[in-house]
Amino acid sequence: MAPKIPYPQPIMTTPAPPQHLFADVLARVRAACATQIGATADLSRVVVEPPRDAGHGDMATNAAMVLAKEAGKKPRDLAEAIAAALRDDPVIAKVDVAGPGFINLTLAPQVWGEALRAVLAAGRDYGRSQIGAAEKVNVEYVSANPTGPMHVGHGRGAVFGDALANLLAFAGYDVTREYYINDAGAQVDVLARSAFLRYREALGEDVGAIPDGLYPGDYLIPVGAALAAEQGTKLTTMPESEWLPIVRAKAIAMMMDMIRDDLAALDVRHDVFFSERSLIEDGDKVGATIATLRNSGQVYEGRLEPPKGGNLEDWEDREQTLFRSTGFGDDVDRPLLKSDGSYTYFASDIAYHKSKVDRGFRNMIDVWGADHGGYIKRMQAAVKAVSGGKAELDVKLVQLVRLLRAGEPVKMSKRSGEFVTLREVVDEVGRSAVRFDMLYRKNDAVLDFDLAKVIEASRDNPVFYVQYGHARGQSVFRNARTEMPELPESAAGRAELFGTARLDRLDDAGELAILKRIALYPRLIEAAASAHEPHRVAFYLYDLASEFHSHWSRGKDMPHLRFIIQNDRELTVARLALVQGIVTVLASGLALLGVEAPDEMR
RNA sequence: GCGCCGGUAGCUCAGCUGGAUAGAGCACCAGACUUCGAAUCUGGGGGUCGGGGGUUCGAAUCCCUCCCGGCGCGCCA
């Protein structure tokens, strides 16, 4: 279950950004509440939301039900009192009390036109929020081992982390995108030995089959060739202790270049690539972190119970160096040193997260694969320990991706390097399809990724449906130019023309539904960012596109509802302004998801 | 045995941090192309929100418990 993160809402009459209609009305509602039960009341639970049933007005508030106890009144009575206060507000046209004490608000008609005007004025900045208050957030994602190409599961983490970082930045956080390079464990020594074989191969030696336990993939052949070109035969005369660091460094560098290329194909980029090895080689940060924790009593020498239900045959009861993670809610204390005295992965991970704390981050988000789920509690415990309880770590687990083609599973065996790489998938179906499809699902649900379906051009394929909405909007502008040749090509130019539009002429039910959806966007952004849930953006865009397609089609049977109306320039301009609002929001949301917003899709 | 993640329409999934009569797509049935793009749209049937308790004005949502599926369970990363 995802941790509950309080959704920050402006308190009382805090001035809302002019384009944020819901925040504005919330402030008005809270002010009205304060007039009824006093300014000291706790209004944090008072919310304003769109009712499910459009017959209940434009917005509804739970204020009376939430505050009834504190006010010492019945919810209905309190609702009537608050409603009376709200009736004085010129923005609110109608106030009804309904059900157990809901207050339903119908806004004055001009509000929607003004909301659209705010969209046009803000342009690409529409929906941008300040709830992040420029607070620093570290988002760590991908962090795939530098031992080979990325596979599809890595891709999901990459896309999720990237979209989440985009979303947080748009919501006003100061975001750092980080990749932790696991370049210190045993697996990079295996990588080095594997590359060394390819090096000998490049020198002309017949190395035969790649032995078990080494990486067999062809992607190491260029590493061997590069080593041969740079080093000649020099390495063959060295003992392993000498050639291994050289080969390892070269192999890691080339693997990281490959991974960066794979990420670039998905338009995923990071600000910081943090080397695990640097924690040891640039002064022993891991040892220092352990020492600090030992001084505060959080590290001790002790024995652990053998794990229940696991295989106990190789269990050796011995005293070891343990971190007291149980003090922070973990199930057992966790070892920091292996039996050979080297650091566990957990130990360097603590030092790594301490470096985030030292770099000023109080908010960290780690994106991990689902198989690391058992690791969350100890890591959160460690973050609390190294920050003195001041930093928060949220871990987003990205579930498995099942790769299918027309419903049939695609083999993903890692054996002999024959797994389907992320790059192959991106090359086949394109960046936008991969990204949207992976984001059109909660991160903690298993994802079926069907190579045949994601390139299908139909309503069944959400990415095309949404992109088509954007293209269709642009198409309306193209067609409008035959009537109105002076219609500017650029969004900015059009925004200027639409600035004087008679938006009060947008009074059809379909138009109003779209206007209301657009007005919801800033609230959606804040909620999605606060919950760390980029998939909400994808679903919102689908809904907006659906309303647009639906309204567009109404114009077939009812020509007076079309966007371009001959002999009524005023109405046409107003309706084109609405299309501009749709296109602006679709483009904004797609950009957050990293998906292209095409102008045409023929 | 313990922990984490799931369980919502036949299938794939949403459900806005506890709101009103639980939604969408697919599939199925019935309709709309001398059109600003039919890559679209309109209508219809279809639900014990895994089961059972609890919390309260109100629960798919929070708590407890059980069932089913996935992942994990010193020194691998």
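Model, not experiment: these values are computed from the prediction. Every chain is numbered from 1 and lettered A, B, ... according to where its sequence line falls, protein lines coming before strand lines.
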Given the P atoms of B:A24 and B:A14, what is the spacing between them in whole Å?
16 Å

pair_partner(B:G6), Watson-Crick or wobble, both distances < 3.5 Å, evaluates to B:C68

Between B:G15, B:G37, B:C13, which nucleotide has the shortest distance from any of its atoms to the side chain of A:Arg441?
B:C13

Considering only side-chain heavy atoms of A:Ile564, which listed nucleotide, B:C57, B:G37, B:C36, is closest?
B:C36

side-chain contact (heavy atoms from CB on, under 4.5 Å) with A:Tyr343: which of A:Ile350, A:Leu336, A:Ile290, A:Thr321?
A:Ile290

Answer with base, sugar-phosphate or nothing: what part of the nucleic acid does A:Tyr468 contact at a heavy-atom distance below 4.0 Å?
base

Starting the side chain at C-beta, find the nucleotide from B:U40, B:A77, B:G19 nearest to A:Arg472.
B:U40

5' priority, RNA chain B, between A:Phe346 and A:Asn461 [closest heavy atom]:
A:Asn461

Within the 4.0 Å heavy-atom criterion, would you say A:Pro75 contacts the bases, only the backbone, or no part of the nucleic acid?
nothing

Using a cut-off of strictly less than 4.0 Å, decide whether A:Ser339 has a side-chain nitrogen or oxygen near OP1 or OP2 of B:C75.
no

Any-strand Watson-Crick or G-U partner of B:A24, both distances under 3.5 Å:
B:U12

OP1, OP2 of B:U42 versus side-chain N and O of A:His551: anything below 4.0 Å?
no

Using a 4.0 Å heavy-atom cut-off across all strands, classify A:Val332 as base, sugar-phosphate, or nothing.
nothing

Is the number of heavy atoms from other residues, nucleotides or ligands under 6.0 Å of A:Arg481 CZ greater than 12?
yes

Identify whether any heavy atom of A:Lys74 sits under 4.0 Å from a base atom; if not, whether one sits that close to sugar-phosphate; answer base, sugar-phosphate or nothing.
nothing

Between B:U17, B:G74, B:A77, which nucleotide gets closest to the side-chain atoms of A:Gln320?
B:G74

Taking the same atom, P, in B:G19 and in B:G37, what whole-Å distance lies between them?
41 Å

Let me spell it out: for each of A:Tyr440 and A:Asp331, pick the nucleotide of RNA chain B with the closest heavy atom. Which residue's pick is nearer the 5' end?
A:Asp331

If pairing means Watson-Crick or G-U wobble with both distances under 3.5 Å, then the partner of B:G43 is B:C29

At under 4.0 Å between heavy atoms, what does A:Ala60 touch on the DNA or RNA strands: base, sugar-phosphate, or nothing?
base

So A:Phe160 and A:Tyr141, ring-ring contact (aromatic ring centres under 6.0 Å, His included) or not? Walk me through it.
CA-CA 8 Å; A:Phe160 176 85; A:Tyr141 55 106; 8.9 Å; no

Using the P atom as the reference point in each nucleotide, state the distance between B:C63 and B:G3 in Å, no decimals.
14 Å

Aromatic contact, A:Tyr440 with A:Phe436 (centres under 6.0 Å)
yes

Could you check which of B:U40, B:G37, B:C16 has an atom nearest any side-chain atom of A:Lys556?
B:U40

When all nucleic acid strands are considered with a 4.0 Å heavy-atom cut-off, which category describes A:Ser550: base, sugar-phosphate, or nothing?
sugar-phosphate

Side-chain donor-acceptor pair present, A:Thr147, A:Gln187, cut-off under 3.5 Å
no

What interatomic distance, in whole Å, is found between P of B:C64 and the corresponding atom of B:G70?
24 Å

With the side chain defined as heavy atoms from C-beta on, A:Phe102 is closest, among B:G19, B:A77, B:C4, to B:G19

Proximity of A:Phe563 and A:His551 rings by center, below 6.0 Å:
yes

Measuring from the side chain of A:Asn182 (C-beta onward, heavy atoms only), which nucleotide among B:A77, B:G74, B:U40 has the closest atom?
B:A77

Of A:Leu304, A:Thr344, A:Asp333, the one forming a side-chain contact (heavy atoms from CB on, under 4.5 Å) with A:Gln320 is A:Leu304

Which nucleotide in the set B:G74, B:G6, B:A77 lies at the smallest distance from any side-chain heavy atom of A:Leu304?
B:G74

Under a 3.5 Å limit for both distances, which nucleotide forms a Watson-Crick or G-U wobble pair with B:C75, could you say?
none

For the P atoms, the ones on B:A32 and on B:G51, what distance do you get once it is rounded to whole angstrom?
42 Å

What residue among A:Lys516, A:Arg554, A:Arg517 forms salt bridge (Lys or Arg N to Asp or Glu O under 4.0 Å) with A:Glu547?
A:Arg517

Measuring to OP1 and OP2 of B:C13, would you say a side-chain N or O of A:Lys442 lies under 4.0 angstrom away?
no

Looking at every strand, decide which applies to A:Glu600 at a 4.0 Å heavy-atom threshold: base, sugar-phosphate, or nothing.
base

Counting the atoms with a prime plus P, OP1 and OP2 as sugar-phosphate, which does A:Asn62 contact under 4.0 Å by heavy atoms, base, sugar-phosphate, or nothing?
base

Given the options A:His372, A:His353, A:Gln380, A:Asp366 meets side-chain hydrogen bond (donor to acceptor under 3.5 Å, both in side chains) only with A:His353

What does A:His535 touch in the nucleic acid at a heavy-atom separation under 4.0 angstrom: a base, only the sugar-phosphate, or nothing?
sugar-phosphate

Of the listed nucleotides B:C36, B:C41, B:G72, the one nearest the side chain of A:Phe563
B:C36

Roughly how far apart, to the nearest Å, are B:G45 and B:C29 at atom C1'?
8 Å

Closest listed nucleotide, where the reference is the side chain of A:Asp448 and the choices are B:G15, B:U12, B:U21:
B:U12

Kindly say if A:Asn479 contacts the phosphate of B:G37, meaning a side-chain N or O under 4.0 Å from OP1 or OP2.
yes

Has A:Tyr465 got a side-chain N or O lying under 4.0 Å from the OP1 or OP2 atom of B:C41?
yes

Nearest-Å distance once atom C1' is located in both B:C13 and B:U56
31 Å

Write down the partner of B:G19 under the Watson-Crick or G-U wobble criteria, each distance required to be under 3.5 Å.
B:C57

Check every strand shown and say whether A:Tyr540 touches a base, only sugar-phosphate, or nothing at a heavy-atom separation below 4.0 Å.
nothing

A:Ala98 near the nucleic acid: base, sugar-phosphate alone, or nothing, with a heavy-atom cut-off under 4.0 Å?
base

Nearest-Å distance once atom P is located in both B:C26 and B:C66:
41 Å

